[in-house]
Amino acid sequence: MSASSDYLAHLNPSQRQAVEHFEGPLLVVAGAGSGKTRALTYRIAHLIRQHGVDPENILAVTFTNKAAKEMKARLETIFAQVWAQQEFGQRFELLGEYEKTQLMSKVYKKITKPLWIGTFHSLCSRILRYDIDKYRDERGRSWTKKFSIFDENDVQGVIKNIITKEMDLDEKQFNPRTIRYKISNAKNLGHSPDQFLKENPGYKGRVMSEIYQAYQAQLVANNALDFDDLILLPTRLFQQNESILGYWHRKFNHILVDEYQDTNRIQYDLIRLLSTNGEDQPKNWDWRGRSTFVVGDADQSIYSFRMADFTILLNFQEDFGDRLPDAQTQTMVKLEENYRSRENILQAANCLIENNSQRIDKVLKPTRTGGDDIILFKADDERDESRFVVDKILELKQVNPELNFGSFAILYRTNAQSRPFEERLLSYRIPYSIVGGFKFYDRQEIKDAIAYLRILVNPADTVSLLRIINTPRRGIGKSTIESFVNASKELDIPLWEILTDETSVQTLAGRASKKTLQFANFLQTIQSQITELPASSILNLVLEQSGYVEELKQKGTEEADNRLANLAELDNAIRQFEAESEDPSLVEFLASASLSSDLDDLQEDAEKVSLMTLHSAKGLEFPVVFLVGLEQGTCPHARSIDDPLDLEEERRLCYVGITRAQENLFLTHARVRYVWGSLETKVPSQFLQELPPELLSDPFTGRGSSRKTSNSSQKNPSIAQKQRQALKATKSNGATSLTWEVGDRVIHANFGEGVVTHIFGTGLKVNLAIKFPGISPKIIDPRLDSLRRP
DNA sequence: CGTACTGCTCGTGAT
DNA sequence: GAGCAGTACG
């Protein structure tokens with residue numbers, strides 16, 4: 001039996017179709033828990049084994065670094081097994097230690113190392129390390145390969161500085177946070193400052209586009225990029241340089257994108273350019289030996305705040321596909337069988353998501369029947385809620401020996417909700433790990449150390465230089481720094497060039513000039529060694545010679561000891577990076593540090609209770625899930641409650657939470673909760689009323705607990721009830737008796753006049769994709785949204 | 001020049 | 001509750 005038919009045997013027919021697809025485009029609509037990661041991994045293995053594709057010609061985009069790491073690990077397992085059979089005629093486990101090591105290093109060298117697997121951000125930063133110097137922005141400016149990646153804090157700082165210092169604007173009228181958000185959105189749509197001005201006319205728009213302009217100038221001056229640029233620049237570069245695009249297009253014959261529903265415009269443009277070589281006419285596309293394979297689920301689209309746009313997924317058939325109806329298409333596969341959750345959990349999930357109007361009709365089909373009731377717990381307050389959850393964890397673990405602490409996840413809408421759970425877990429001495437919130441790389445001492453490293457690699461990085469110029473204190477004070485900064489602005493050269501010029505320093509600094517020159521000298525000395533010494537040695541040189549460690553040691557406080565421990569942790573991280581990475585340079589370490597998230601080192605086998613937001617939980621699964629804080633204003637979040645489309649995204653978020661559970665699901669809400677220090681009375685989440693009451697039971701009586709809520713909601717009908725009423729109304733006025741056709745003109749109460757571009761489903765269950773002028777296409781259920789003919 | 005204190009504002013999600 | 005700007009004081 002060949003090993004390849006062996007792995008194909010583990011797939012259902014749809015998964016198999018996805019895995020065996022070779023050339024051309026394919027959309028895989030993959031519901032939660034339908035085995036899409038398996039399909040993606042096996043597809044890569046199949047391309048290499050069956051079609052002889054060279055791993056270096058495969059590009060796979062994952063949503064997190066963790067997913068990338070896991071996919072690589074799975075591929076290594078597959079190939080280790082296959083080659084063990086081929087070369088030794090045995091299962092891998094039965095080989096001797098030496099053979100195992102030899103084989104694994106061969107698998108790494110031949111398979112996972114040459115593969116390009118990672119997030120959009122990490123893959124793009126890799127492309128930029130090759131080609132960024134060939135890029136020119138709209139004003140002809142350029143970057144070097146040593147560019148820094150500014151994190152959100154750096155960016156906020158720069159923008160705030162521009163608003164308050166450079167442009168002397170009122171911070172209240174021009175909120176740095178809001179403007180940062182608008183600039184990010186503009187970049188994700190591919191808009192330059194000039195285009196931004198066109199989109200935002202009037203006084204405010206003009207000022208904001210000036211801020212955007214100034215911000216770009218700062219990035220260029222610092223030889224730095226923000227997160228959005230990491231994707232925007234390669235896309236622009238490909239648009240402006242045919243031969244560079246040609247190179248990457250020819251390199252990446254097979255492109256795979258996971259979580260396609262959460263891609264945004266620029267990411268789509270990038271994938272399209274790489275797939276089509278910038279050729280607009282589908283008839284000119286040459287798919288021989290090439291494929292573009294995307295996997296996603298519109299019902300799990302939860303990143304619209306990052307400009308993700310799931311209509312990109314809905315449009316795949318139009319953009320790349322054969323545009324045939326579902327039954328005949330060769331360019332779409334649906335994975336609807338769910339292998340993760342018990343039947344009743346799936347029923348609840350299906351029932352909830354049906355309340356959304358913007359979706360492709362898709363029902364998760366259970367493969368695992370039965371299961372315990374879903375428990376709905378009404379807590380008095382957040383402390384009562386945390387007590388219930390933690391008690392339940394202990395109880396379940398005791399009753400069921402198969403469960404360990406790692407089997408449990410507590411999921412919430414916002415990071416701020418974690419505290420009561422942390423406190424209680426701590427007091428019960430239960431191990432837990434918390435994802436999100438305050439990251440390792442956000443700590444002050446880590447950011448200081450990173451700033452030192454960044455200035456060594458990229459001397460133009462003035463933001464980093466300013467961070468550490470007087471940290472630890474070395475007598476270079478505010479006014480001295482100010483005169484340096486003014487001079488560098490005046491001459492339009494990086495601050496670093498002033499500091500390394502003895503005459504300039506002596507002229508500008510007076511008393512502090514000796515200290516300044518010492519500082520500049522010490523950095524220059526280390527800088528001359530960065531190509532010779534390993535990154536970890538550079539870090540240690542910097543920490544010792546800057547006096548940073550010395551200062552902390554002298555303080556001797558508990559806090560200082562903590563910081564020293566964190567710096568030791570950073571040293572570990574660098575050493576580990578050196579051991580694992582194919583390019584262990586300092587530049588690469590800095591890039592990986594910028595792009596890391598703490599989800600990346602969440603281990604499933606760590607026997608720790610997981611705490612995280614619903615966003616972070618995407619793609620994960622747990623035997624037991626607690627979905628907490630299900631109250632109006634918390635989940636759905638207060639900022640989304642008034643906008644119907646935002647509310648649908650909140651519902652998808654809740655859906656993502658429910659579908660994480662394999663065996664048991666607990667839903668909790670509190671009667672009152674402290675919000676920003678004051679007590680607020682909370683109303684149960686409307687999503688609770690959208691779940692079938694017969695599936696929910698009370699943790700103590702075991703009986704349906706939601707009867708009361710659904711009765712009392714008669715006067716104040718839930719959204720579901722309202723929609724049922726709306727459905728009746730449209731039926732009686734005969735709107736659904738109309739049959740829809742592509743090209744029909746319609747009038748929608750909110751969006752105005754539009755044209756039907758697609759029809760999803762048949763019979764009563766029909767959704768329409770409608771293009772309204774000036775906005776992205778909408779998927780609309782004609783039974784729920786009132787549509788008129790013109 | 002550096003630090004400690006006060007008072008003010010702000011508050012979703014994250015690569 | 002935290003982070004930040006402004007201010008008073010050593």
Side-chain angles (χ1 to χ4, degrees), chain A residues 61-68 118-125 149-153 155-157 160-161 164-165 171-172 175-178 180-181 184 187-188 225-232 259 262-264 266-267 301-308 411-419 435-439 441-442 444 470-482 509-512 515 591-600 612-619 629 633-641 643 646-647 649-650 652-654 656-657 674-678 680:
Chain A
V61 187
T62 59
F63 200 69
T64 61
N65 293 309
K66 178 170 176 260
T119 61
F120 272 109
H121 293 88
S122 65
L123 294 166
C124 284
S125 102
I149 300 170
F150 279 179
D151 66 22
E152 218 35 57
N153 279 304
V155 168
Q156 286 284 349
K160 191 165 185 183
N161 194 46
T164 58
K165 304 272 158 56
E171 240 186 287
K172 293 198 182 75
N175 179 292
R177 242 187 94 89
T178 316
R180 159 63 185 141
Y181 185 63
S184 176
K187 287 192 174 187
N188 282 317
L225 301 180
D226 63 26
F227 275 15
D228 305 318
D229 291 331
L230 289 177
I231 297 158
L232 184 58
E259 307 285 7
D262 280 322
T263 54
N264 63 37
I266 283 297
Q267 293 165 341
S301 168
I302 55 175
Y303 278 91
S304 70
F305 69 94
R306 243 162 62 178
M307 293 304 272
L411 308 181
Y412 35 76
R413 176 63 179 82
T414 64
N415 283 308
Q417 286 165 261
S418 70
R419 182 160 286 188
V435 175
F438 208 66
K439 287 191 288 184
Y441 286 99
D442 284 342
Q444 188 187 302
N470 200 30
T471 309
R473 283 185 298 281
R474 48 176 71 87
I476 308 174
K478 225 177 173 176
S479 55
T480 315
I481 295 171
E482 206 173 316
R511 259 197 312 163
K515 305 272 187 188
S592 89
S594 305
L595 299 175
S596 81
S597 82
D598 54 356
L599 197 61
D600 300 339
M612 68 187 86
T613 62
L614 290 165
H615 282 94
S616 293
K618 187 166 86 161
T634 309
C635 184
H637 193 272
R639 298 189 55 146
S640 306
I641 228 160
D643 180 312
D646 288 349
L647 186 68
E649 179 146 319
E650 296 288 313
R652 291 195 291 271
L653 211 38
C654 187
V656 166
Y674 275 95
V675 184
W676 317 317
S678 61
E680 281 186 17

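Keep in mind that what you see is a predicted model, and the values were worked out from it rather than measured. Hydrogens, waters and symmetry mates are skipped; everything else that's a heavy atom, side chains included, is used. Lettering follows sequence order; numbering is per chain, from 1.
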- prompt: Counting distance only, does the side-chain N/O of A:Thr480 pair as donor-acceptor with the main-chain N or O of A:Ile476 below 3.5 Å?
  reply: no

Are any of [X]'s side-chain N or O atoms less than 4.0 Å away from OP1 or OP2 of [N]?
{"X": "A:Asn415", "N": "B:dA14", "result": "yes"}
{"X": "A:Lys160", "N": "C:dC4", "result": "no"}
{"X": "A:Arg639", "N": "B:dT12", "result": "yes"}
{"X": "A:Arg177", "N": "B:dT12", "result": "yes"}
{"X": "A:Ser594", "N": "B:dT15", "result": "no"}
{"X": "A:Thr64", "N": "B:dT15", "result": "no"}

Given [options], identify the nucleotide with an atom nearest to the side chain of [X].
{"X": "A:Tyr303", "options": "B:dT12, B:dA14, B:dT15", "answer": "B:dA14"}
{"X": "A:Thr480", "options": "B:dC1, B:dT12, B:dT15", "answer": "B:dC1"}
{"X": "A:Arg413", "options": "B:dG13, B:dA14, B:dT15", "answer": "B:dG13"}
{"X": "A:Glu650", "options": "B:dT15, B:dT12, B:dA14", "answer": "B:dT12"}

- request: Indicate yes or no: at least one non-hydrogen side-chain atom of A:Asp262 is less than 4.5 angstrom from one of A:Ser301.
  value: yes

task: For the residue pair A:Thr634 and A:Glu680, establish whether any side-chain heavy-atom pair is separated by less than 4.5 Å.
output: no

Given DNA chain B, 5'-ward residue of the pair A:His615 and A:Gly475, judged by closest heavy atom: A:Gly475

query: Of A:Glu649 and A:Arg473, whose nearest nucleotide on DNA chain B comes first from the 5' end?
result: A:Arg473

task: Please step through side chain to side chain contact (heavy atoms under 4.5 Å, CB included) for the pair A:Thr62 and A:Thr119, ending with a clear verdict.
output: CA-CA 5 Å; A:Thr62 59; A:Thr119 61; 4.3 Å; yes

Let me know the distance between [atom1] of [X] and [atom2] of [N], rounded to the nearest Å.
{"X": "A:Glu680", "N": "B:dG11", "atom1": "CD", "atom2": "P", "result": "15 Å"}
{"X": "A:Met612", "N": "B:dT12", "atom1": "CE", "atom2": "C1'", "result": "17 Å"}
{"X": "A:Lys618", "N": "B:dT12", "atom1": "NZ", "atom2": "C1'", "result": "16 Å"}
{"X": "A:Phe227", "N": "B:dT15", "atom1": "CZ", "atom2": "P", "result": "8 Å"}
{"X": "A:Lys165", "N": "C:dA5", "atom1": "NZ", "atom2": "C1'", "result": "10 Å"}
{"X": "A:Arg180", "N": "B:dT15", "atom1": "CZ", "atom2": "C1'", "result": "11 Å"}
{"X": "A:Asn264", "N": "B:dT15", "atom1": "CG", "atom2": "P", "result": "15 Å"}
{"X": "A:His637", "N": "B:dA14", "atom1": "NE2", "atom2": "P", "result": "12 Å"}

- request: Answer yes or no as to whether B:dT15 has its base stacked against A:His121, where stacking requires a ring-centre separation under 5.5 angstrom and planes under 30 degrees apart.
  value: no

Looking across every strand, which nucleic acid part, if any, lies under 4.0 Å from [X] by heavy atom: base, sugar-phosphate, or nothing?
{"X": "A:Ser616", "answer": "sugar-phosphate"}
{"X": "A:Thr164", "answer": "nothing"}
{"X": "A:Arg419", "answer": "sugar-phosphate"}
{"X": "A:Phe120", "answer": "nothing"}
{"X": "A:Asn175", "answer": "nothing"}

field: For A:Ala512 against A:Gly475, the heavy-atom pair lying closest together
entry: CB-O, 3.6 Å

- prompt: Which word best sums up how the rings of A:His121 and A:Phe227 line up, parallel for under 30°, tilted for 30 to 60°, or perpendicular for over 60°?
  reply: tilted

